Number of protein chains: 2
Amino acid sequence: MSDKNATIYDIARACGVSPATVSRVVSNSGYPVSERTRQLVLQTARQLHYTPNLLGKSLKAQKSRDLGIIIPNISNSYYSLLLQGVYDEAIARGYNTILCNSYRKPEIEEKNINTLMAKQVCGILLVSIGKQTEPIRRAMEHGCQVILMEQDLNIDCVKVGFNFYKGAYMATRCLIEHHHRRIGFIGAPLDRSSRIRMVEGYRQALADHHIPEIPRDICLSETERDDTQIYEFENGRAAATYFIDMEDRPTGYVCVNDMTALGAIRTFQSAGLSVPQDVSLIGFDNIPYSEISSPRLTTIDQCTYDMGSLSTRMLVESIEEPKKPHSSITLEPTLVERDSVRTL
Amino acid sequence: MSDKNATIYDIARACGVSPATVSRVVSNSGYPVSERTRQLVLQTARQLHYTPNLLGKSLKAQKSRDLGIIIPNISNSYYSLLLQGVYDEAIARGYNTILCNSYRKPEIEEKNINTLMAKQVCGILLVSIGKQTEPIRRAMEHGCQVILMEQDLNIDCVKVGFNFYKGAYMATRCLIEHHHRRIGFIGAPLDRSSRIRMVEGYRQALADHHIPEIPRDICLSETERDDTQIYEFENGRAAATYFIDMEDRPTGYVCVNDMTALGAIRTFQSAGLSVPQDVSLIGFDNIPYSEISSPRLTTIDQCTYDMGSLSTRMLVESIEEPKKPHSSITLEPTLVERDSVRTL
DNA sequence: CTGTTAGCGCATTCAG
DNA sequence: CTGAATGCGCTAACAG
């Protein structure tokens with residue numbers, strides 16, 4: 001067999017027609033070609049196992065059908081669910097996906113953007129962990145559509161956000177409505193807009209219900225080592241240990257995400273405290289695991305998959321209709337009540 | 001700013017040199033260029049925010065630095081861990097990754113292969129769910145390196161396998177050594193080599209220890225709906241329900257994967273059976289979650305991440321040294337003893 | 001050391 | 001309806 005891929009020239013030669021004609025047929029251009037030649041070309045193409053070279057095609061067209069997606073880390077199940085949403089929607093609309101992990105490092109995020117630009121992607125979905133807006137701005141100037149997901153940034157582009165403030169507010173209020181009056185917050189470093197907003201929501205809920213805020217009830221892990229689920233779990237463990245040592249500890253806890261909540265729960269349980277009998281916890285994300293843990297986790301749903309598919313739909317639309325103004329959107333949280341919160 | 005990306009021609013014009021010179025500098029070709037011009041070109045490139053167009057580059061070179069990876073479904077945490085291994089290793093070696101999900105459909109798997117070929121990837125990592133070898137063969141004929149991961153197929157190419165037979169054997173033997181004499185198997189449809197081998201390993205372990213095989217102790221879920229972790233969990237639930245209804249049920253169970261084991265455990269627990277007091281279970285995969293479940297799951301480690309990175313290393317090596325013969329490898333299982341198996 | 005040229009595979013003008 | 005010619009951005013001969 002041919003060692004190399006067949007090109008339109010090979011087909012043209014085999015059929016005794018011009019490359020132009022072959023191109024018109026195989027690319028489904030709609031350009032008129034006699035039915036006879038069309039069939040001949042199609043058949044020869046099949047015989048030669050012709051696969052169009054997308055590089056040539058994209059180079060000529062000055063654009064590709066590739067979408068880039070930049071996330072912190074794929075092994076985090078939250079992001080893998082987000083990616084699934086992105087991927088499914090992209091495929092459904094005829095686009096391919098090029099994955100980039102930023103590993104939570106702004107330098108790598110910037111490098112990722114450059115790589116994607118070099119590959120001439122027509123759009124980028126970005127969960128940014130930096131504050132840099134320059135690379136994004138440049139990408140947009142070069143005609144690349146960018147959609148910011150999850151994390152907000154001071155730049156004028158389409159954003160698909162999530163109301164973290166309200167989510168944390170709802171979580172806190174949930175505990176309050178179950179008559180908790182001493183509520184802890186188990187969080188992570190406040191290095192991203194989402195987390196800052198969450199603490200604000202927590203505090204506002206407390207204030208609105210005339211519950212005094214106690215600084216030592218907020219426990220933020222100091223460092224973030226890796227991004228696997230296990231580290232978040234460990235953060236939860238550490239926080240629970242902190243609270244277990246506290247004489248008069250809170251009865252309820254709002255956690256920054258589900259894995260952290262699960263780590264805390266397991267640690268409380270190991271210390272002989274029953275959940276939700278002795279302590280109540282509420283998570284954030286609604287990852288698949290939260291439904292199968294024991295107790296099943298009460299949490300805030302972030303419709304992660306939908307966020308991925310919606311972002312992709314919006315990205316594709318803004319690629320295909322660049323002139324039309326495209327507005328941003330903020331997804332709203334839903335409380336998912338399961339078994340980790342008890343009424344006092 | 002320029003609406004379009006700057007090219008080497010733009011830089012050449014700005015510097016008053018030829019495009020060839022610019023190319024030689026920016027591509028780090030090692031071709032001699034006077035230090036003066038080199039600096040000038042570099043500086044101008046930076047000013048113009050030059051990003052090389054990889055399409056042109058790859059088209060010219062007749063090859064890219066892209067690797068394709070085809071897996072059933074990214075939202076399965078097993079595959080997302082595998083992908084992380086692949087991705088990390090690829091990046092470390094200067095390759096980009098194009099992700100494809102086959103959604104467990106052979107037709108889509110074939111389409112994925114074609115898409116990757118069209119994008120001129122230089123190698124493909126494939127977790128195949130079909131039996132078709134034709135598309136793979138064609139890819140290889142066109143000079144694309146293919147590495148088969150996890151699932152075996154009747155085709156001559158480099159393979160990175162896992163000893164599923166021995167894994168299941170070890171799992172079964174583990175229960176036997178804990179004095180279990182009635183051992184069930186909780187599985188999935190036998191549509192893939194890995195699963196067939198697992199049942200074989202289970203049966204052989206029984207035979208080797210003179211334990212009679214009881215057909216009704218093998219419970220395979222009939223259909224496979226989706227591939228999210230939750231469905232595997234549900235399969236485990238269904239199997240547990242089946243065994244709970246059985247008068248004289250097995251005391252120990254070998255499960256086809258960890259999520260299935262977790263579903264079964266949860267269901268046994270709901271029925272008032274304690275794990276491992278009343279029933280023992282052993283999983284397969286060693287996904288992160290198996291370490292944090294309660295009880296912590298005894299399981300067979302599949303070194304999933306390493307399988308991803310090793311496969312990628314082998315792929316890159318066979319791309320960079322095509323003449324050298326490259327041999328396949330089979331990874332061996334390790335038993336991870338935790339808390340879900342009790343000695344009778 | 002530098003420049004000119006050609007061609008990778010494709011789609012698209014413009015002639016016929 | 002069909003074909004010849006051009007250029008997308010880049011690199012690799014080949015000349016100078």
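Predicted, not measured: the structure shown is a model, and the values here were computed from it. The sequence lines fix the lettering, A, B, ..., with proteins before strands; numbering per chain opens at 1.
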Could you verify whether a donor N or O on one side chain and an acceptor N or O on the other, from Asp88(B) and Gln84(B), lie under 3.5 Å apart?
yes
Apply side-chain contact (heavy atoms from CB on, under 4.5 Å) to Leu99(B) and Ile71(B), showing your working.
CA-CA 8 Å; Leu99(B) 170 67; Ile71(B) 54 180; 3.9 Å; yes
Atom-pair distance (CG on Leu40(B); P on dT2(C)), nearest Å
11 Å
Atom CE of Met117(A) and atom P of dG9(D): how far apart are they, to the nearest Å?
13 Å
Atom-pair distance (CG on Asp10(A); P on dG9(C)), nearest Å:
8 Å
Considering only NZ, NE, NH1 and NH2 on the basic side and carboxylate oxygens on the acidic side, decide whether Arg38(B) and Glu35(B) come within less than 4.0 Å.
yes
If we ignore angles and hydrogens, is there a donor and acceptor under 3.5 Å between the side chains of Glu109(A) and Ser128(A)?
yes
Lys/Arg-Asp/Glu bridge criterion (N-O < 4.0 Å) met for Glu134(A), Arg137(A)
yes
Nearest heavy-atom approach of Ile129(B) to Pro72(B) is CG2-CG, 4.3 Å
I need the CD1-P distance between Ile8(A) and dC8(C), as an integer number of Å.
11 Å
Under 4.0 Å from any atom of DNA chain D, heavy atoms only: list the residues of residues 54-65 of chain A that qualify, in numerical order.
Leu59(A), Lys60(A), Gln62(A)
Residue-phosphate contact under 4.0 Å: Thr7(A) side-chain N/O, dG9(C) OP1/OP2
no
Has Gln151(B) got a side-chain atom pairing as donor or acceptor with Ser194(B)'s backbone, closer than 3.5 angstrom?
yes
Can you measure Arg13(B) atom CZ to dG9(D) atom P for me and round it to whole angstrom units?
11 Å
Which atom pair, heavy atoms only, marks the closest approach of Leu331(A) to Val160(A)?
CD1-CG1, 4.4 Å
For a side-chain contact (heavy atoms from CB on, under 4.5 Å) with Met307(A), tell me which candidate from Val86(A), Leu82(A), Leu81(A) qualifies.
Leu82(A)
Can you check nucleotides 1-5 of chain D for protein contacts, nitrogen or oxygen pairs under 3.5 Å, and list what you find?
from: dT2(D); atom 1: OP1; to: Ser34(A); atom 2: OG; distance (Å): 3.1
from: dT2(D); atom 1: OP1; to: Thr37(A); atom 2: OG1; distance (Å): 3.0
from: dT2(D); atom 1: OP2; to: Ser34(A); atom 2: N; distance (Å): 2.9
from: dT2(D); atom 1: OP2; to: Thr37(A); atom 2: OG1; distance (Å): 3.3
from: dT2(D); atom 1: O4; to: Tyr31(A); atom 2: OH; distance (Å): 2.8
from: dG3(D); atom 1: OP2; to: Ser18(A); atom 2: N; distance (Å): 3.0
from: dG3(D); atom 1: OP2; to: Ser18(A); atom 2: OG; distance (Å): 3.3
from: dG3(D); atom 1: OP2; to: Thr21(A); atom 2: OG1; distance (Å): 2.8
from: dG3(D); atom 1: N7; to: Arg24(A); atom 2: NH2; distance (Å): 2.5
from: dG3(D); atom 1: O6; to: Arg24(A); atom 2: NH1; distance (Å): 3.2
from: dG3(D); atom 1: O6; to: Arg24(A); atom 2: NH2; distance (Å): 3.1

Return the value, rounded to whole Å, for the distance between atom CD of Gln120(B) and atom P of dG9(C).
8 Å
Give the rounded distance in Å between these two atoms: NZ of Lys119(B) and C1' of dC10(C).
15 Å
